[in-house]
2 protein chains.
Amino acid sequence: MMNVLIVEDEKQIANSLKKSFESEGYDCEVCYDGERALDVISSQYFDVFLLDWRIPKVSGIEVCKRVRESNNQTPIILLTALSDVKNKIEAFNYGADDYITKPFSFEEVLARINAVVRRYKTSVSTIEFDNLSLNLIKHTLQNSEVEVKLPEMEFELLRYFLEHRASIISREKLCDDVWKLPYTPTTNVVDVTVKHLRYKLEELSEKKYIKTVYGEGYIFITE
Amino acid sequence: MMNVLIVEDEKQIANSLKKSFESEGYDCEVCYDGERALDVISSQYFDVFLLDWRIPKVSGIEVCKRVRESNNQTPIILLTALSDVKNKIEAFNYGADDYITKPFSFEEVLARINAVVRRYKTSVSTIEFDNLSLNLIKHTLQNSEVEVKLPEMEFELLRYFLEHRASIISREKLCDDVWKLPYTPTTNVVDVTVKHLRYKLEELSEKKYIKTVYGEGYIFITE
DNA sequence: AACAATTGTGAAAAATTTTTCATTATTAAT
DNA sequence: ATTAATAATGAAAAATTTTTCACAATTGTT
(Lines give C-alpha, C1' and ligand atoms only; values in the text may rest on other atoms or scores of the structure.)
Protein backbone atom coordinates (compact mmCIF):
# COMPACT_ATOMS: atom_id res chain seq x y z
CA MET A 1 0.00 0.00 0.00
CA MET A 2 1.03 3.51 -0.68
CA ASN A 3 2.47 5.91 1.87
CA VAL A 4 2.04 9.61 1.31
CA LEU A 5 3.61 12.46 3.25
CA ILE A 6 1.61 15.68 3.10
CA VAL A 7 3.42 18.85 4.11
CA GLU A 8 0.91 21.69 4.16
CA ASP A 9 0.21 24.35 6.74
CA GLU A 10 -3.33 25.20 5.65
CA LYS A 11 -4.99 22.71 7.90
CA GLN A 12 -8.21 22.63 5.96
CA ILE A 13 -6.44 21.54 2.78
CA ALA A 14 -4.20 19.14 4.67
CA ASN A 15 -7.09 17.44 6.39
CA SER A 16 -9.21 17.21 3.32
CA LEU A 17 -6.31 15.58 1.45
CA LYS A 18 -5.69 13.20 4.30
CA LYS A 19 -9.30 12.10 4.38
CA SER A 20 -9.45 11.64 0.64
CA PHE A 21 -6.27 9.57 0.65
CA GLU A 22 -7.50 7.42 3.45
CA SER A 23 -10.75 6.75 1.69
CA GLU A 24 -8.65 5.51 -1.21
CA GLY A 25 -6.87 3.18 1.17
CA TYR A 26 -3.58 5.07 1.17
CA ASP A 27 -1.60 5.55 4.34
CA CYS A 28 -0.69 9.10 5.01
CA GLU A 29 0.99 11.42 7.43
CA VAL A 30 0.67 15.18 7.75
CA CYS A 31 3.27 17.78 8.77
CA TYR A 32 2.56 21.46 9.12
CA ASP A 33 6.06 22.81 8.59
CA GLY A 34 9.25 22.07 6.70
CA GLU A 35 11.44 21.43 9.69
CA ARG A 36 9.15 18.74 11.03
CA ALA A 37 8.92 17.31 7.52
CA LEU A 38 12.68 16.85 7.25
CA ASP A 39 12.63 15.10 10.60
CA VAL A 40 9.89 12.72 9.63
CA ILE A 41 11.44 12.07 6.23
CA SER A 42 14.76 11.09 7.69
CA SER A 43 13.21 8.45 9.92
CA GLN A 44 10.36 7.00 7.92
CA TYR A 45 9.66 5.54 4.50
CA PHE A 46 7.26 7.21 2.07
CA ASP A 47 6.39 6.52 -1.55
CA VAL A 48 5.86 10.17 -2.35
CA PHE A 49 6.11 13.61 -0.78
CA LEU A 50 3.42 16.19 -1.40
CA LEU A 51 4.97 19.51 -0.48
CA ASP A 52 3.33 22.87 -0.32
CA TRP A 53 5.70 25.56 -1.49
CA ARG A 54 4.87 28.07 1.24
CA ILE A 55 5.15 26.40 4.60
CA PRO A 56 6.61 27.67 7.87
CA LYS A 57 10.25 27.42 8.94
CA VAL A 58 11.73 25.62 5.90
CA SER A 59 10.06 26.23 2.54
CA GLY A 60 8.82 23.41 0.33
CA ILE A 61 11.46 24.02 -2.30
CA GLU A 62 14.14 24.02 0.37
CA VAL A 63 12.87 20.71 1.71
CA CYS A 64 12.97 19.40 -1.83
CA LYS A 65 16.53 20.55 -2.26
CA ARG A 66 17.72 19.06 1.02
CA VAL A 67 16.02 15.77 0.37
CA ARG A 68 17.85 15.45 -2.94
CA GLU A 69 21.11 16.49 -1.34
CA SER A 70 20.75 13.63 1.07
CA ASN A 71 20.52 11.34 -1.94
CA ASN A 72 16.89 10.50 -1.37
CA GLN A 73 15.17 10.03 -4.73
CA THR A 74 11.62 9.62 -3.48
CA PRO A 75 9.21 11.34 -5.88
CA ILE A 76 8.27 14.88 -4.89
CA ILE A 77 5.21 16.81 -5.99
CA LEU A 78 5.04 20.49 -5.19
CA LEU A 79 1.79 22.31 -4.50
CA THR A 80 1.58 26.02 -4.99
CA ALA A 81 -0.70 28.94 -5.39
CA LEU A 82 1.80 30.72 -7.58
CA SER A 83 1.41 29.84 -11.16
CA ASP A 84 4.23 31.73 -12.72
CA VAL A 85 6.65 29.87 -14.86
CA LYS A 86 9.86 30.82 -13.12
CA ASN A 87 8.85 28.87 -10.07
CA LYS A 88 8.08 25.80 -12.08
CA ILE A 89 11.50 25.86 -13.60
CA GLU A 90 13.06 26.36 -10.21
CA ALA A 91 11.07 23.41 -8.88
CA PHE A 92 12.29 21.07 -11.60
CA ASN A 93 15.83 22.25 -11.14
CA TYR A 94 15.71 21.32 -7.50
CA GLY A 95 14.63 17.83 -8.40
CA ALA A 96 10.87 17.97 -8.00
CA ASP A 97 9.05 15.42 -10.12
CA ASP A 98 5.82 17.24 -10.64
CA TYR A 99 4.01 20.41 -9.85
CA ILE A 100 0.35 21.10 -9.11
CA THR A 101 -1.17 24.55 -9.12
CA LYS A 102 -3.84 25.43 -6.60
CA PRO A 103 -6.72 25.14 -6.69
CA PHE A 104 -6.64 21.49 -7.68
CA SER A 105 -9.06 18.61 -7.57
CA PHE A 106 -8.23 15.55 -5.51
CA GLU A 107 -8.51 13.47 -8.65
CA GLU A 108 -5.74 15.43 -10.25
CA VAL A 109 -3.52 14.90 -7.23
CA LEU A 110 -4.27 11.21 -7.32
CA ALA A 111 -3.55 10.90 -11.02
CA ARG A 112 -0.26 12.73 -10.71
CA ILE A 113 0.83 10.80 -7.66
CA ASN A 114 0.12 7.52 -9.34
CA ALA A 115 1.93 8.52 -12.49
CA VAL A 116 4.97 9.68 -10.61
CA VAL A 117 5.15 6.71 -8.27
CA ARG A 118 4.59 4.15 -11.00
CA ARG A 119 7.38 5.70 -12.94
CA TYR A 120 9.73 5.80 -9.99
CA LYS A 121 9.10 2.22 -8.98
CA THR A 122 10.17 0.93 -12.34
CA SER A 123 13.00 3.37 -12.53
CA VAL A 124 15.50 2.63 -9.85
CA SER A 125 18.70 2.46 -11.82
CA THR A 126 21.25 2.77 -9.07
CA ILE A 127 21.57 1.30 -5.63
CA GLU A 128 23.02 3.77 -3.13
CA PHE A 129 24.86 2.66 -0.03
CA ASP A 130 27.02 4.52 2.36
CA ASN A 131 28.67 7.11 0.11
CA LEU A 132 28.90 4.74 -2.83
CA SER A 133 26.59 4.03 -5.69
CA LEU A 134 26.20 0.98 -7.89
CA ASN A 135 24.97 1.90 -11.35
CA LEU A 136 22.79 -0.94 -12.56
CA ILE A 137 22.88 0.19 -16.16
CA LYS A 138 26.53 0.97 -16.58
CA HIS A 139 27.68 -1.71 -14.15
CA THR A 140 29.92 0.74 -12.42
CA LEU A 141 30.68 1.43 -8.83
CA GLN A 142 31.33 5.02 -7.90
CA ASN A 143 32.08 7.39 -5.09
CA SER A 144 32.13 11.15 -5.48
CA GLU A 145 35.42 11.02 -7.37
CA VAL A 146 36.04 7.71 -9.05
CA GLU A 147 34.02 5.31 -11.14
CA VAL A 148 35.15 1.73 -11.74
CA LYS A 149 33.62 -0.78 -14.05
CA LEU A 150 32.80 -4.09 -12.43
CA PRO A 151 33.08 -7.27 -14.43
CA GLU A 152 29.93 -9.30 -14.76
CA MET A 153 30.22 -11.65 -11.81
CA GLU A 154 31.52 -9.09 -9.38
CA PHE A 155 28.65 -6.84 -10.36
CA GLU A 156 26.07 -9.57 -9.88
CA LEU A 157 27.54 -10.54 -6.57
CA LEU A 158 27.55 -6.99 -5.27
CA ARG A 159 24.02 -6.42 -6.43
CA TYR A 160 22.93 -9.55 -4.64
CA PHE A 161 24.67 -8.46 -1.47
CA LEU A 162 23.04 -5.04 -1.63
CA GLU A 163 19.62 -6.57 -2.07
CA HIS A 164 20.24 -8.84 0.91
CA ARG A 165 22.03 -6.47 3.23
CA ALA A 166 22.52 -7.35 6.84
CA SER A 167 21.72 -11.01 6.55
CA ILE A 168 24.10 -13.94 6.47
CA ILE A 169 24.35 -15.63 3.08
CA SER A 170 25.98 -19.02 2.63
CA ARG A 171 28.29 -19.87 -0.22
CA GLU A 172 25.81 -22.47 -1.40
CA LYS A 173 23.10 -19.85 -1.66
CA LEU A 174 25.42 -17.58 -3.61
CA CYS A 175 26.33 -20.44 -5.96
CA ASP A 176 22.64 -21.03 -6.48
CA ASP A 177 21.36 -17.50 -6.78
CA VAL A 178 24.24 -15.58 -8.29
CA TRP A 179 26.12 -18.22 -10.26
CA LYS A 180 23.12 -20.45 -10.92
CA LEU A 181 25.41 -23.44 -10.63
CA PRO A 182 23.95 -26.92 -10.34
CA TYR A 183 25.00 -27.40 -6.72
CA THR A 184 28.76 -27.65 -6.49
CA PRO A 185 30.48 -27.04 -3.21
CA THR A 186 33.80 -28.23 -4.66
CA THR A 187 34.62 -24.81 -5.94
CA ASN A 188 35.81 -21.62 -4.33
CA VAL A 189 34.70 -19.20 -7.04
CA VAL A 190 32.65 -17.41 -4.47
CA ASP A 191 35.61 -16.87 -2.17
CA VAL A 192 37.77 -15.61 -4.99
CA THR A 193 35.14 -13.31 -6.39
CA VAL A 194 34.49 -11.96 -2.92
CA LYS A 195 38.16 -11.21 -2.73
CA HIS A 196 38.15 -9.36 -6.05
CA LEU A 197 35.06 -7.43 -5.04
CA ARG A 198 36.50 -6.52 -1.66
CA TYR A 199 39.53 -5.15 -3.41
CA LYS A 200 37.44 -2.93 -5.67
CA LEU A 201 35.31 -1.76 -2.78
CA GLU A 202 38.39 -0.80 -0.83
CA GLU A 203 39.63 1.27 -3.73
CA LEU A 204 36.60 3.51 -3.28
CA SER A 205 36.09 3.45 0.46
CA GLU A 206 38.23 2.19 3.27
CA LYS A 207 35.35 0.50 5.00
CA LYS A 208 34.97 -3.24 5.04
CA TYR A 209 31.49 -4.00 3.82
CA ILE A 210 31.70 -7.75 3.29
CA LYS A 211 32.21 -9.52 6.59
CA THR A 212 32.90 -13.21 6.86
CA VAL A 213 30.84 -15.23 9.29
CA TYR A 214 32.96 -18.22 10.12
CA GLY A 215 31.31 -21.47 9.14
CA GLU A 216 28.22 -19.73 7.80
CA GLY A 217 28.95 -17.44 4.91
CA TYR A 218 29.15 -13.71 4.24
CA ILE A 219 27.25 -10.70 5.42
CA PHE A 220 27.12 -7.29 3.79
CA ILE A 221 26.99 -4.45 6.25
CA THR A 222 26.30 -0.85 5.31
CA GLU A 223 26.42 0.68 8.77
CA MET B 1 21.76 15.49 -28.61
CA MET B 2 18.05 15.56 -28.07
CA ASN B 3 15.47 14.74 -30.71
CA VAL B 4 12.01 16.25 -30.35
CA LEU B 5 8.93 15.47 -32.41
CA ILE B 6 6.40 18.29 -32.50
CA VAL B 7 2.89 17.41 -33.62
CA GLU B 8 0.90 20.60 -33.90
CA ASP B 9 -1.35 21.88 -36.67
CA GLU B 10 -1.18 25.56 -35.74
CA LYS B 11 1.78 26.33 -37.92
CA GLN B 12 2.67 29.48 -36.09
CA ILE B 13 3.09 27.66 -32.78
CA ALA B 14 4.83 24.74 -34.45
CA ASN B 15 7.37 26.92 -36.17
CA SER B 16 8.05 29.06 -33.17
CA LEU B 17 8.69 25.92 -31.11
CA LYS B 18 10.92 24.49 -33.81
CA LYS B 19 13.01 27.64 -33.95
CA SER B 20 13.33 27.84 -30.22
CA PHE B 21 14.40 24.21 -29.97
CA GLU B 22 16.93 24.65 -32.72
CA SER B 23 18.43 27.66 -31.02
CA GLU B 24 18.89 25.42 -27.97
CA GLY B 25 20.73 22.95 -30.17
CA TYR B 26 17.97 20.33 -30.16
CA ASP B 27 17.09 18.43 -33.30
CA CYS B 28 13.45 18.55 -34.09
CA GLU B 29 10.86 17.48 -36.58
CA VAL B 30 7.35 18.82 -37.12
CA CYS B 31 4.18 17.03 -38.20
CA TYR B 32 0.85 18.71 -38.78
CA ASP B 33 -1.46 15.78 -38.21
CA GLY B 34 -1.74 12.58 -36.18
CA GLU B 35 -1.61 10.19 -39.08
CA ARG B 36 1.68 11.57 -40.31
CA ALA B 37 2.97 11.56 -36.75
CA LEU B 38 2.34 7.84 -36.34
CA ASP B 39 4.17 7.25 -39.60
CA VAL B 40 7.19 9.25 -38.57
CA ILE B 41 7.21 7.75 -35.09
CA SER B 42 7.31 4.21 -36.41
CA SER B 43 10.39 4.84 -38.51
CA GLN B 44 12.46 7.27 -36.53
CA TYR B 45 13.86 7.69 -33.05
CA PHE B 46 12.85 10.56 -30.79
CA ASP B 47 13.59 11.37 -27.19
CA VAL B 48 10.20 12.93 -26.61
CA PHE B 49 6.88 13.60 -28.37
CA LEU B 50 5.18 16.93 -27.97
CA LEU B 51 1.58 16.33 -29.03
CA ASP B 52 -1.16 18.84 -29.42
CA TRP B 53 -4.49 17.39 -28.32
CA ARG B 54 -6.53 18.71 -31.20
CA ILE B 55 -4.85 17.83 -34.46
CA PRO B 56 -6.33 16.65 -37.77
CA LYS B 57 -7.06 13.02 -38.70
CA VAL B 58 -5.90 11.26 -35.51
CA SER B 59 -6.15 13.20 -32.25
CA GLY B 60 -3.21 13.68 -29.90
CA ILE B 61 -4.66 11.47 -27.24
CA GLU B 62 -5.32 8.75 -29.82
CA VAL B 63 -1.71 9.00 -31.03
CA CYS B 64 -0.64 8.69 -27.41
CA LYS B 65 -2.79 5.60 -26.95
CA ARG B 66 -1.54 3.90 -30.11
CA VAL B 67 2.07 4.67 -29.35
CA ARG B 68 1.72 2.96 -25.98
CA GLU B 69 -0.11 0.02 -27.55
CA SER B 70 2.84 -0.49 -29.83
CA ASN B 71 4.98 -0.79 -26.73
CA ASN B 72 6.80 2.45 -27.31
CA GLN B 73 7.55 4.11 -23.98
CA THR B 74 9.02 7.36 -25.30
CA PRO B 75 7.95 10.25 -23.06
CA ILE B 76 4.87 12.11 -24.28
CA ILE B 77 3.86 15.62 -23.37
CA LEU B 78 0.40 16.78 -24.37
CA LEU B 79 -0.38 20.37 -25.28
CA THR B 80 -3.90 21.63 -24.98
CA ALA B 81 -6.05 24.68 -24.79
CA LEU B 82 -8.56 22.92 -22.58
CA SER B 83 -7.70 23.23 -18.97
CA ASP B 84 -10.32 21.08 -17.34
CA VAL B 85 -9.23 18.34 -15.06
CA LYS B 86 -11.07 15.46 -16.68
CA ASN B 87 -8.83 15.70 -19.70
CA LYS B 88 -5.72 15.64 -17.60
CA ILE B 89 -6.82 12.44 -15.98
CA GLU B 90 -7.66 10.95 -19.35
CA ALA B 91 -4.24 11.96 -20.62
CA PHE B 92 -2.43 10.24 -17.77
CA ASN B 93 -4.55 7.15 -18.19
CA TYR B 94 -3.50 6.86 -21.79
CA GLY B 95 0.10 6.98 -20.76
CA ALA B 96 1.05 10.61 -21.26
CA ASP B 97 3.89 11.74 -19.05
CA ASP B 98 3.07 15.38 -18.73
CA TYR B 99 0.59 17.97 -19.76
CA ILE B 100 1.02 21.63 -20.67
CA THR B 101 -1.85 24.06 -20.90
CA LYS B 102 -1.83 26.74 -23.58
CA PRO B 103 -0.72 29.43 -23.57
CA PHE B 104 2.71 28.36 -22.40
CA SER B 105 6.18 29.86 -22.42
CA PHE B 106 8.98 28.11 -24.24
CA GLU B 107 10.89 27.92 -21.00
CA GLU B 108 8.15 25.90 -19.42
CA VAL B 109 8.17 23.50 -22.35
CA LEU B 110 11.92 23.18 -22.06
CA ALA B 111 11.84 22.55 -18.34
CA ARG B 112 9.14 19.90 -18.62
CA ILE B 113 10.82 18.19 -21.54
CA ASN B 114 14.10 18.00 -19.73
CA ALA B 115 12.48 16.71 -16.56
CA VAL B 116 10.53 14.06 -18.40
CA VAL B 117 13.43 12.92 -20.56
CA ARG B 118 15.87 12.81 -17.67
CA ARG B 119 13.42 10.68 -15.73
CA TYR B 120 12.79 8.43 -18.67
CA LYS B 121 16.44 7.92 -19.55
CA THR B 122 17.19 6.67 -16.10
CA SER B 123 14.03 4.62 -15.98
CA VAL B 124 13.81 2.61 -19.11
CA SER B 125 14.88 -0.95 -18.65
CA THR B 126 14.21 -2.44 -22.07
CA ILE B 127 14.16 -1.17 -25.62
CA GLU B 128 11.53 -2.88 -27.75
CA PHE B 129 11.85 -3.18 -31.50
CA ASP B 130 10.00 -5.28 -33.98
CA ASN B 131 9.21 -8.38 -31.96
CA LEU B 132 12.48 -8.28 -30.08
CA SER B 133 13.49 -6.68 -26.84
CA LEU B 134 16.84 -5.57 -25.55
CA ASN B 135 17.03 -5.78 -21.78
CA LEU B 136 19.26 -2.97 -20.57
CA ILE B 137 19.71 -4.45 -17.14
CA LYS B 138 20.41 -8.04 -18.01
CA HIS B 139 22.11 -7.19 -21.28
CA THR B 140 20.08 -9.78 -23.07
CA LEU B 141 18.30 -9.85 -26.36
CA GLN B 142 15.06 -11.78 -26.48
CA ASN B 143 12.16 -12.74 -28.64
CA SER B 144 9.10 -14.55 -27.32
CA GLU B 145 11.02 -17.81 -26.97
CA VAL B 146 14.74 -17.31 -26.60
CA GLU B 147 16.98 -15.03 -24.61
CA VAL B 148 20.66 -14.54 -25.44
CA LYS B 149 23.24 -12.68 -23.48
CA LEU B 150 25.15 -10.09 -25.42
CA PRO B 151 28.76 -9.39 -24.59
CA GLU B 152 29.58 -5.84 -23.59
CA MET B 153 30.52 -4.30 -26.93
CA GLU B 154 27.78 -5.99 -28.91
CA PHE B 155 25.32 -4.77 -26.34
CA GLU B 156 26.59 -1.20 -26.47
CA LEU B 157 26.59 -1.21 -30.22
CA LEU B 158 23.05 -2.49 -30.46
CA ARG B 159 21.85 0.00 -27.89
CA TYR B 160 23.46 2.78 -29.89
CA PHE B 161 21.84 1.58 -33.08
CA LEU B 162 18.45 1.43 -31.42
CA GLU B 163 18.79 4.96 -30.13
CA HIS B 164 19.74 6.15 -33.58
CA ARG B 165 17.42 4.15 -35.73
CA ALA B 166 16.87 5.03 -39.34
CA SER B 167 19.85 7.26 -39.69
CA ILE B 168 23.17 6.48 -41.30
CA ILE B 169 26.04 6.19 -38.86
CA SER B 170 29.65 6.21 -40.00
CA ARG B 171 32.29 3.89 -38.60
CA GLU B 172 34.15 6.90 -37.25
CA LYS B 173 31.10 7.97 -35.30
CA LEU B 174 30.71 4.49 -33.87
CA CYS B 175 34.40 4.40 -32.91
CA ASP B 176 33.90 7.72 -31.16
CA ASP B 177 30.57 7.18 -29.49
CA VAL B 178 30.48 3.47 -28.76
CA TRP B 179 34.13 2.55 -28.43
CA LYS B 180 35.30 5.98 -27.28
CA LEU B 181 38.51 5.39 -29.18
CA PRO B 182 40.89 8.27 -29.73
CA TYR B 183 40.31 8.51 -33.47
CA THR B 184 41.60 5.38 -35.13
CA PRO B 185 40.42 4.50 -38.59
CA THR B 186 43.07 1.78 -38.90
CA THR B 187 40.87 -0.79 -37.24
CA ASN B 188 37.89 -2.80 -38.32
CA VAL B 189 36.54 -3.61 -34.87
CA VAL B 190 33.30 -2.01 -35.87
CA ASP B 191 32.90 -4.25 -38.91
CA VAL B 192 33.69 -7.35 -36.94
CA THR B 193 31.39 -6.47 -34.07
CA VAL B 194 28.64 -5.66 -36.52
CA LYS B 195 29.14 -9.11 -37.94
CA HIS B 196 28.87 -10.74 -34.52
CA LEU B 197 25.81 -8.69 -33.70
CA ARG B 198 24.15 -9.52 -37.01
CA TYR B 199 24.68 -13.17 -36.29
CA LYS B 200 23.00 -12.91 -32.90
CA LEU B 201 20.14 -10.88 -34.32
CA GLU B 202 19.56 -13.49 -36.98
CA GLU B 203 19.34 -16.18 -34.38
CA LEU B 204 16.24 -14.46 -33.02
CA SER B 205 14.64 -13.07 -36.13
CA GLU B 206 15.29 -13.69 -39.79
CA LYS B 207 15.13 -10.01 -40.60
CA LYS B 208 18.19 -8.02 -41.47
CA TYR B 209 18.18 -4.97 -39.24
CA ILE B 210 21.65 -3.62 -39.85
CA LYS B 211 22.01 -2.45 -43.40
CA THR B 212 25.29 -1.28 -44.89
CA VAL B 213 25.34 1.99 -46.77
CA TYR B 214 28.24 1.68 -49.12
CA GLY B 215 30.87 4.31 -48.47
CA GLU B 216 28.92 5.87 -45.61
CA GLY B 217 28.37 3.51 -42.74
CA TYR B 218 25.52 1.49 -41.27
CA ILE B 219 21.86 2.08 -40.75
CA PHE B 220 19.56 0.25 -38.38
CA ILE B 221 16.12 -0.31 -39.78
CA THR B 222 13.19 -1.56 -37.78
CA GLU B 223 10.65 -1.77 -40.57
C1' DA C 1 33.85 -6.37 -68.11
C1' DA C 2 37.58 -4.27 -65.48
C1' DC C 3 38.85 -1.45 -61.76
C1' DA C 4 39.54 0.53 -57.36
C1' DA C 5 37.35 1.28 -53.18
C1' DT C 6 34.86 -0.55 -49.64
C1' DT C 7 32.96 -4.19 -46.90
C1' DG C 8 32.72 -9.02 -45.06
C1' DT C 9 34.95 -13.15 -43.22
C1' DG C 10 37.71 -16.73 -40.85
C1' DA C 11 41.10 -17.42 -37.95
C1' DA C 12 44.23 -16.17 -34.69
C1' DA C 13 46.39 -12.91 -31.39
C1' DA C 14 45.66 -10.10 -27.40
C1' DA C 15 43.24 -8.82 -23.51
C1' DT C 16 40.14 -9.66 -20.01
C1' DT C 17 37.39 -12.36 -17.01
C1' DT C 18 36.30 -16.54 -14.67
C1' DT C 19 37.57 -20.57 -12.42
C1' DT C 20 40.68 -23.89 -10.40
C1' DC C 21 44.28 -25.34 -7.47
C1' DA C 22 47.84 -25.60 -4.08
C1' DT C 23 49.29 -23.28 -0.19
C1' DT C 24 49.07 -20.17 3.68
C1' DA C 25 46.44 -17.92 7.25
C1' DT C 26 42.78 -17.71 10.45
C1' DT C 27 39.26 -19.44 13.42
C1' DA C 28 36.85 -22.06 17.05
C1' DA C 29 37.12 -25.80 19.97
C1' DT C 30 39.50 -28.99 22.66
C1' DA D 1 48.95 -24.73 22.61
C1' DT D 2 47.30 -28.05 19.33
C1' DT D 3 44.30 -29.34 16.06
C1' DA D 4 40.83 -29.65 12.58
C1' DA D 5 37.89 -26.97 9.97
C1' DT D 6 37.25 -23.01 7.38
C1' DA D 7 38.72 -18.96 4.75
C1' DA D 8 42.07 -16.11 2.10
C1' DT D 9 45.57 -15.72 -1.24
C1' DG D 10 48.71 -15.85 -5.36
C1' DA D 11 49.32 -17.69 -9.41
C1' DA D 12 48.07 -20.07 -13.25
C1' DA D 13 44.72 -22.51 -16.27
C1' DA D 14 40.49 -22.16 -18.78
C1' DA D 15 37.06 -19.65 -20.93
C1' DT D 16 35.34 -15.72 -23.01
C1' DT D 17 35.55 -11.41 -25.28
C1' DT D 18 37.81 -8.00 -27.99
C1' DT D 19 40.77 -6.74 -31.52
C1' DT D 20 43.83 -7.44 -35.38
C1' DC D 21 45.07 -9.15 -39.76
C1' DA D 22 45.18 -11.10 -44.25
C1' DC D 23 42.35 -12.20 -47.72
C1' DA D 24 37.79 -12.83 -50.12
C1' DA D 25 33.55 -10.79 -51.70
C1' DT D 26 30.87 -7.02 -53.05
C1' DT D 27 29.88 -2.45 -54.72
C1' DG D 28 29.85 1.62 -57.67
C1' DT D 29 32.21 3.66 -61.47
C1' DT D 30 34.41 3.83 -65.70
Side-chain angles (χ1 to χ4, degrees), chain A residues 134 138-141 147-161 168-203 208-221, chain B residues 134 138-141 147-161 168-203 208-221:
Chain A
L134 180 68
K138 293 166 72 190
H139 291 197
T140 57
L141 183 63
E147 177 173 20
V148 284
K149 177 136 193 24
L150 296 184
E152 192 71 13
M153 296 317 290
E154 289 172 42
F155 168 79
E156 294 295 350
L157 178 62
L158 178 54
R159 192 217 318 242
Y160 191 88
F161 274 136
I168 300 172
I169 308 160
S170 69
R171 281 152 233 268
E172 288 74 32
K173 190 130 189 60
L174 290 171
C175 275
D176 264 25
D177 293 354
V178 180
W179 272 263
K180 285 134 176 46
L181 292 176
Y183 185 63
T184 47
T186 43
T187 176
N188 75 335
V189 244
V190 177
D191 299 61
V192 177
T193 310
V194 163
K195 188 196 158 207
H196 294 337
L197 184 53
R198 274 174 171 158
Y199 181 82
K200 298 250 169 83
L201 283 164
E202 275 183 34
E203 284 186 294
K208 308 211 176 276
Y209 297 103
I210 305 173
K211 296 231 152 69
T212 305
V213 183
Y214 188 88
E216 308 215 38
Y218 297 101
I219 184 170
F220 194 96
I221 289 170
Chain B
L134 180 68
K138 294 166 72 189
H139 290 197
T140 57
L141 183 64
E147 177 173 18
V148 286
K149 178 136 191 24
L150 295 184
E152 192 72 10
M153 295 317 291
E154 289 172 41
F155 169 79
E156 294 295 350
L157 178 62
L158 178 53
R159 194 222 309 247
Y160 191 88
F161 274 136
I168 300 172
I169 308 160
S170 69
R171 278 152 238 269
E172 288 75 34
K173 190 130 189 60
L174 291 171
C175 274
D176 264 25
D177 293 354
V178 180
W179 271 264
K180 286 136 175 47
L181 291 177
Y183 184 65
T184 47
T186 44
T187 175
N188 74 336
V189 244
V190 176
D191 299 63
V192 177
T193 310
V194 162
K195 188 194 157 204
H196 294 338
L197 184 53
R198 275 173 171 159
Y199 182 83
K200 297 251 171 80
L201 283 164
E202 275 182 35
E203 284 186 297
K208 305 207 177 281
Y209 296 103
I210 306 174
K211 295 230 154 66
T212 304
V213 183
Y214 189 88
E216 308 216 39
Y218 296 102
I219 184 169
F220 195 97
I221 290 170

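Residue numbers begin at 1 in each chain, while the letters A, B, ... track the order of the sequences.
- The CD1-P distance, from Ile169(A) to dA7(D), rounds to 14 Å in whole Å.
- Residues Glu203(A) and Lys200(A) are not paired through a salt bridge, judged by the lack of any N-O separation under 4.0 Å between the basic side chain and the carboxylate.
- Residue-level contact check: Glu156(B) touches neither bases nor backbone, having no heavy atom under 4.0 Å from any strand.
- Residue Glu152(B) is classed as a sugar-phosphate contact, given heavy-atom separations below 4.0 Å to backbone atoms only.
- Of the candidates dT19(C), dA7(D), dC21(D), the closest approach to any side-chain atom of Asn188(B) belongs to dC21(D).
- Around atom NZ of Lys173(A), no more than 12 heavy atoms belonging to other residues, nucleotides or ligands sit under 6.0 Å away.
- Of the candidate nucleotides dA7(D), dC21(C), dG10(C), dG10(C) has the atom lying nearest to any side-chain atom of Val192(B).
- Distance Lys211(B) NZ to dT7(C) P: 16 Å, rounded to the nearest Å.
- If you measure from atom CG of Asp191(A) to atom C1' of dA5(D), you get 14 Å, rounded to the nearest angstrom.
- Met153(B) places its CE atom 11 Å from the P atom of dT20(D), with the value rounded to the nearest Å.
- When the P atom of dT17(D) is taken as reference, atom CG of Leu157(B) falls 16 Å away, rounded to whole Å.
- Nucleic acid contact for Val190(B): none, since no nucleic acid atom lies under 4.0 Å from a heavy atom of the residue.
- Atom pair His196(B):NE2 and dT9(C):C1' shows a separation of 10 Å (rounding to whole Å applied).
- At dT20(D), one or more side-chain N or O atoms of Thr187(B) fall inside 4.0 Å of OP1 or OP2 (strictly under the cut-off).
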TODO: Please step through side-chain contact (heavy atoms from CB on, under 4.5 Å) for the pair Thr193(B) and Leu174(B), ending with a clear verdict.
DONE: CA-CA 11 Å; Thr193(B) 310; Leu174(B) 291 171; over 6 Å; no
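- What separates CG of Leu197(B) from C1' of dT9(C) is a distance of 16 Å, to the nearest Å.
- In this structure, Tyr218(B) reaches the sugar-phosphate backbone alone: every heavy-atom distance under 4.0 Å involves primed, P, OP1 or OP2 atoms, never a base.
- Sequence order on DNA chain D of the closest nucleotides to Thr193(B) and Glu216(A) puts Glu216(A) first from the 5' end.
- No donor-acceptor pair under 3.5 Å is formed between the side chain of Arg171(A) and the backbone N or O of Asp191(A).
- Checking dG28(D), dT20(D), dT6(D) against every side-chain atom of Tyr214(B), the shortest atom distance belongs to dG28(D).
- For the pair Thr212(B) and dG8(C), the criterion of a side-chain N or O lying under 4.0 Å from OP1 or OP2 is met.
- Here Glu152(A) pairs with Lys149(B) in a salt bridge; the nearest charged N to carboxylate O distance falls below 4.0 Å.
- Summarising the geometry, the separation between CD on Glu154(B) and C1' on dT18(D) is reported as 10 Å, rounded to the nearest angstrom.
- Residue Lys195(B) has a polar side-chain atom (N or O) positioned under 4.0 Å from OP1 or OP2 of dG10(C).
- Put simply, Arg198(B) has a side-chain N or O that comes within less than 4.0 Å of OP1 or OP2 on dG8(C).
- Taken to the nearest 0.5 Å, the CG atom of Asn188(B) stands 10.5 Å off from the NZ atom of Lys195(B).
- An OP1 or OP2 oxygen of dA7(D) is reached within less than 4.0 angstrom by a side-chain nitrogen or oxygen of Arg171(A).
- Considering only side-chain N and O atoms, Trp179(B) lies under 4.0 angstrom from the phosphate OP1 or OP2 of dT19(D).
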